[in-house]
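Sequence lines set the chain letters: A, B, ... in the order given, protein chains first and strands last, and positions in each chain run from 1. FYI, side chains are in, hydrogens and waters are out, and symmetry mates aren't considered; it's all heavy atoms of this structure.
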Amino acid sequence: MTRTHRCGELTRAHVGQTVTLAGWVHGRRDHGGVIFIDLRDREGITQLVFDSDANLSAHQQAEHLRDEYVIEVTGVVALRPPGSENPHLSTGEIEVRATALRIWNAAKTPPFSVDDTIHATEALRLKYRYLDLRRPTMQRLLALRHHVSFAVRSFLHERGFLEIETPILTKSTPEGARDYLVPSRVNPGTFYALPQSPQLFKQILMIGGADRYFQLARCFRDEDLRLDRQPEFTQIDLEMSFVEREDILTLIEALLAEVCQRTAGLHLSPPFPRLTYDEVMNRYGTDKPDLRFDLPLEDLSDFAKTSSFNVFRHAVETGGSVKALVIPQGAGFSRSRIDQLVDRAKEFGAKGLAWIKIGEGWKLESAIAKFFDATALQKALPRAHVGDLVICVADSTSVAQQTLGRLRSRLGTELQLIETSQWKPLWVIDFPMFEYDEEAKRYVALHHPFTSPMPEDLPHLETDPLRVRAQAYDLVLNGFELGGGSIRIHSPALQRRIFSLLGIAQSEAAEKFGFLIEALELGAPPHGGIALGLDRLVMLLGGTESIRDVIAFPKTQKAQCLLTGAPSPVDPEQLQELHIALTREAEDGQEGH
RNA sequence: GGGGCCGUCGUUCAGCCUGGUUUAGGACGCCAGAUUGUCAAUCUGGAGGUCGCGGGUUCAAAUCCCGUCGGCCCCGCCA
């Protein structure tokens, strides 16, 4: 290696030194007798000067340089002539007067400019990901991700955690997301699954005496993608023995505060607010509220009972709710703007959306104003003022909450209520243990089947499962679910009760989870843990709007890699070895490849 | 599985609603020449597109219709 410095580090302190730099041609400005080249590497940009008077042969070579050529240059660091400094560059005070040039590799004209100002479509960026990654922004995000990982490892190492790897080829289990399957060649007709998370292994590690485990664990879920969801992603996964919920929450608060401080200079101050599931659903209509703006859901159920509006009264009388949002200054909304809100509410599952403008002197403007008493409404909505718009959903409580929760989130963005400089972490605790799945006609675990119920709710387990709360907790940051965890079940008897409640037959439980039950019977410590989404954390810290920006080689919404073309058909011989036959439909599907 | 937005020289965008003077245009990039202090260099000249693909309507389709492929956002899904 012959380079002596990086392109971001030369300053006036180096003036007079002979240096060698290497990198990519970021731009060229040819003035005839003198050619300026911006040389770029991971660390920055340095201006090179090829002067025909000073060094004719180097100048002649430099005439051939084009964008993205890979070169190595030797020259002398010099102060730029007064007035020609570039304040936008860290190296803007100096330049390197080239005496020798080596062209390591020419480059064809790139399909898009390696530059942060002009951006190509994402499809093109992904196809030529190596060009995209050369952009300073992407370099910054890759480095940030490394720094976050490093800070996490260092923090947990200092607290006695062991980083332990768990299998990627593992066992498919019921419940949860769709598995990615891998056929076994030596065991015809059987399959491994890629882990959705190392959940069972980390519990087994506790039973194995590991005490404190962590892993930056790659996880795989074959579900549809979102801007914050990729089919393979990385979790900061950890588990501890002999702990209670509070131990985990405190540890993670310290972890997050330190990581944010060290990697982004961000100051978070623990303890984070702890809101129960019921509280956040009531107040924000979602289990991952963005607390950077207020706009809480209001409850008009009591008011509705007294009104003469049948839709409202009916909703409450049949066990539902009337929920509302008070939109500040919303009375100025145009009719089409309001219609848009109504349409969205319907999209989100509500039967309709009632709206009331509050005019001067609390005169109500609305198609349904005649049903309401302004004074009573004013009393029910202490936050409402003249000039506001009230929107209401009367439905089952969950539909009313969800609909307005989603509208709240959209309005937060559209009305620019979000204080973007704020960082608002919170814990959501006291989740219900189960919810009823109407399709499957059975109870399913809200978190997962290994989550311990609250001890005081155990008496209701069989009689009123929906009333049972779990020792589960989610960490939410700025409206994103950053992670979740729980205190686990360490009693084999309780674990059997839960399986049975979930309708997992004993024979199935034995086949799928027999190893866990058996392990619990052989001396399992109380334990609990959590997993945080590393990609989402880096995305938030990096201030970028897509998880794809913090993954070096992400997949598209159809779960394809545009760089390599994965997934792709394989040779029939490979399939034969694996004892796999394709259906007619699958063969048709391959023709696109 | 469903809803929405998008696809036009290498790139990015206009044109599409209201089909025909558009030989499909601008900017960036590219090529050639000029140019000794630029950093969005500049000046002169030039090349480059069967408008994602297939079908239909029409005298005539980038433009209207249907289908399809691809990208993005959302619902469902994500213990």
Undergrad: May I ask you to decide if the ring planes of A:Tyr128 and A:Tyr130 are parallel, tilted or perpendicular, using 30° and 60° as cut-offs?
TA: perpendicular
Undergrad: Tell me which nucleotide, if any, is Watson-Crick or G-U wobble paired with B:rA27 when both distances must be under 3.5 Å.
TA: B:rU11
Undergrad: Looking at B:rG76, does its base get a donor-acceptor pair with the side chain of A:Arg226 below 3.5 Å?
TA: yes
Undergrad: Considering only B:rG37, B:rU12, B:rA41, which nucleotide approaches the side chain of A:Glu95 most closely?
TA: B:rG37
Undergrad: Suppose we define a pair by two distances each less than 3.5 Å, Watson-Crick or G-U wobble; what does B:rU50 pair with here?
TA: none
Undergrad: Can you check whether any acceptor in the base of B:rC77 is under 3.5 Å from a donor in the side chain of A:Arg229, or vice versa?
TA: yes
Undergrad: Centroid distance below 5.5 Å plus an interplanar angle below 30 degrees: do A:His31 and B:rG37 meet both conditions?
TA: no
Undergrad: Is the NZ or CZ atom of A:Arg496 both under 6.0 Å from the centre of the six-membered ring of A:Phe513 and within 45° of that ring's axis?
TA: no
Undergrad: Among B:rG70, B:rC75, B:rG37, which is the nearest nucleotide to the side chain of A:Lys558?
TA: B:rG70
Undergrad: Tell me whether the side-chain N or O atoms of A:Arg406 pair up with the base of B:rC75 as donor and acceptor below 3.5 Å, since no angle test is needed here.
TA: no
Undergrad: Who is the Watson-Crick or G-U wobble partner of B:rA60, with both distances under 3.5 Å?
TA: none
Undergrad: Looking at B:rG71, B:rG29, B:rC78, which one has an atom nearest to any side-chain atom of A:Thr109?
TA: B:rG29
Undergrad: Heavy atoms from C-beta onward define the side chain here; which of B:rG71, B:rG10, B:rA41 lies closest to that of A:Arg29?
TA: B:rA41
Undergrad: So which nucleotide from B:rC74, B:rC39, B:rG76 ends up closest to the side chain of A:Ser84?
TA: B:rC39
Undergrad: Grab the CD1-P distance between A:Ile35 and B:rA41 for me, whole Å please.
TA: 15 Å
Undergrad: Does the B:rC39 base have a donor-acceptor partner in the side chain of A:Asn86 within less than 3.5 Å?
TA: yes
Undergrad: So what does A:Thr451 touch, heavy atoms closer than 4.0 Å: a base, only the sugar-phosphate, or nothing?
TA: nothing
Undergrad: Starting at the 5' end of RNA chain B, which residue's closest nucleotide do you reach first, A:Arg410 or A:Phe36?
TA: A:Phe36
Undergrad: Need to verify one output field. Residue with the more 5' nearest nucleotide on RNA chain B, A:Pro111 or A:Gln47?
TA: A:Pro111
Undergrad: Which residue is it: A:Thr173, A:Asp179, A:Thr170? I am looking for the one with a side chain to side chain donor-acceptor pair (under 3.5 Å) to A:Gln196.
TA: A:Asp179
Undergrad: Is any side-chain N or O of A:Thr121 closer than 4.0 Å to OP1 or OP2 of B:rU12?
TA: yes
Undergrad: Does the structure show A:Phe112 stacking with B:rU11, if we require the centres to be closer than 5.5 Å and the planes to be within less than 30 degrees of parallel?
TA: no
Undergrad: Suppose we call a contact any N or O donor and acceptor under 3.5 Å apart; does that hold for the side chain of A:Asp224 and the base of B:rG76?
TA: yes
Undergrad: How about A:Arg467: does its CZ atom have over 12 heavy atoms from other parts shown lying under 6.0 Å from it?
TA: no
Undergrad: Regarding A:Leu124, tell me which of base, sugar-phosphate or nothing describes its non-hydrogen contacts under 4.0 Å with the strands shown.
TA: sugar-phosphate
Undergrad: Let's see if you can work this out: which of B:rG71, B:rA32, B:rG37 has an atom nearest to the side-chain heavy atoms of A:Arg80?
TA: B:rG37
Undergrad: Of the listed nucleotides (B:rC31, B:rG76, B:rC39), which one gets closest to any side-chain atom of A:Arg28?
TA: B:rC31
Undergrad: Can we say A:Arg29 and A:Asp38 salt-bridge, meaning some charged N sits less than 4.0 Å from an Asp/Glu carboxylate O?
TA: yes
Undergrad: So A:Glu85 and A:Arg12, salt bridge (Lys or Arg N to Asp or Glu O under 4.0 Å) or not? Walk me through it.
TA: CA-CA 11 Å; A:Glu85 299 86 358; A:Arg12 59 191 310 138; over 6 Å; no
